[in-house]
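Shown next, in structure tokens, is the structure this report addresses.
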Amino acid sequence: MPRIVLLGPPGVGKGTQAKVLAQHLHVPHLSTGDLLRESVRAKSSLGEEADVYMRAGRLVPDDLVLRILRERLGRADAATGYILDGYPRNVAQANELDRIAPIDRVLSFDLPESALVVRLTQRWTCPKCGTAYNLATRPPKVPGACDLDGTTLVQRADDAPAAVRTRLAVYREQTEPLLEHYRRLGRLTPIDARGTPEQVAQRLRTALEGRS
Ligand code: AMP
């Protein structure tokens with residue numbers, strides 16, 4: 001049962017790779033960012049509370065995120081494994097995950113900060129299916145519309161420059177220490193995140209096959 005975490009800074013391509021890998025392994029892609037954005041859109045009380053932190057580029061409090069994650073992990077399709085994207089984000093969340101659903105592998109990506117900023121500020125996303133486009137490297141076929149379902153693309157509020165700076169700082173301070181945490185546990189595999197999404201996906205598959 002593949003239970004895999006994708007780790008890396010915002011803009012590194014985790015979401016794109018998680019979708020491809022989930023299809024390849026026939027397991028769901030669980031993104032806490034997507035789940036939180038759904039709660040915000042649904043205007044639930046959890047969503048309204050989370051929205052303030054998300055807009056600022058800060059982490060949503062652990063207990064709120066854990067609540068939506070537990071609910072999602074409890075659904076039937078997660079019983080055969082999953083690709084976790086965006087969780088854990090700090091050591092406390094990693095410990096919590098070990099208690100509720102220990103994971104097998106952690107695949108980590110990184111890129112220089114300047115490349116991340118370019119990827120984030122040029123990112124447009126489909127609000128319906130979550131597909132991410134990049135105006136420079138992966139533009140939609142029809143400007144402003146999702147290739148898959150034609151929905152009008154939007155820019156995430158937290159891809160604005162001030163929130164991007166905060167998100168990158170939060171990653172370096174709170175999430176990056178997880179690399180050492182998982183390295184010590186022998187579960188970490190670093191993946192080179194440079195190049196096209198297809199090149200990165202190929203490296204990811206090679207890394208997974210190499211150890212299975
Ligand atoms: P993402 O889509 O993974 O970039 O997440 C977008 C935003 O959702 C983050 O900047 C946080 O505000 C929030 N978020 C997502 N996952 C978590 C998490 N595991 N812990 C705390 N906040 C999170």
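Side chains included, hydrogens not; waters and symmetry mates left out as well; all remaining heavy atoms used. Each ligand, and each atom within it, is numbered from 1 in the order the structure gives.
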Quiz item: Salt-bridged, Glu38 to Arg41, with N to O below 4.0 Å?
Solution: no
Practice problem: Answer yes or no: are there more than 12 heavy-atom neighbours, outside Arg172 itself, under 6.0 Å from its atom CZ? | Solution: yes
Quiz item: Can you pull the residues with any heavy atom under 4.0 Å from ligand 1?
Solution: Thr32, Gly33, Leu36, Arg37, Met54, Arg58, Leu59, Val60, Val65, Gly86, Tyr87, Arg89, Gln93, Arg156, Asp158, Arg167
Self-check item: NZ or CZ of Arg58 within 45° of Tyr53 ring axis and under 6.0 Å
Solution: no
Practice problem: Ignoring hydrogens and angles, state whether a donor on the side chain of Arg105 or Thr189 is under 3.5 Å from an acceptor on the partner side chain. | Solution: yes
Quiz prompt | hydrophobic_cluster_shared for Leu59 and Leu178, side chain cutoff 4.5 Å | solution = no
Practice problem: Decide, yes or no, whether a salt bridge links Asp147 with Lys128 under the criterion of side-chain N to carboxylate O below 4.0 Å. | Solution: no
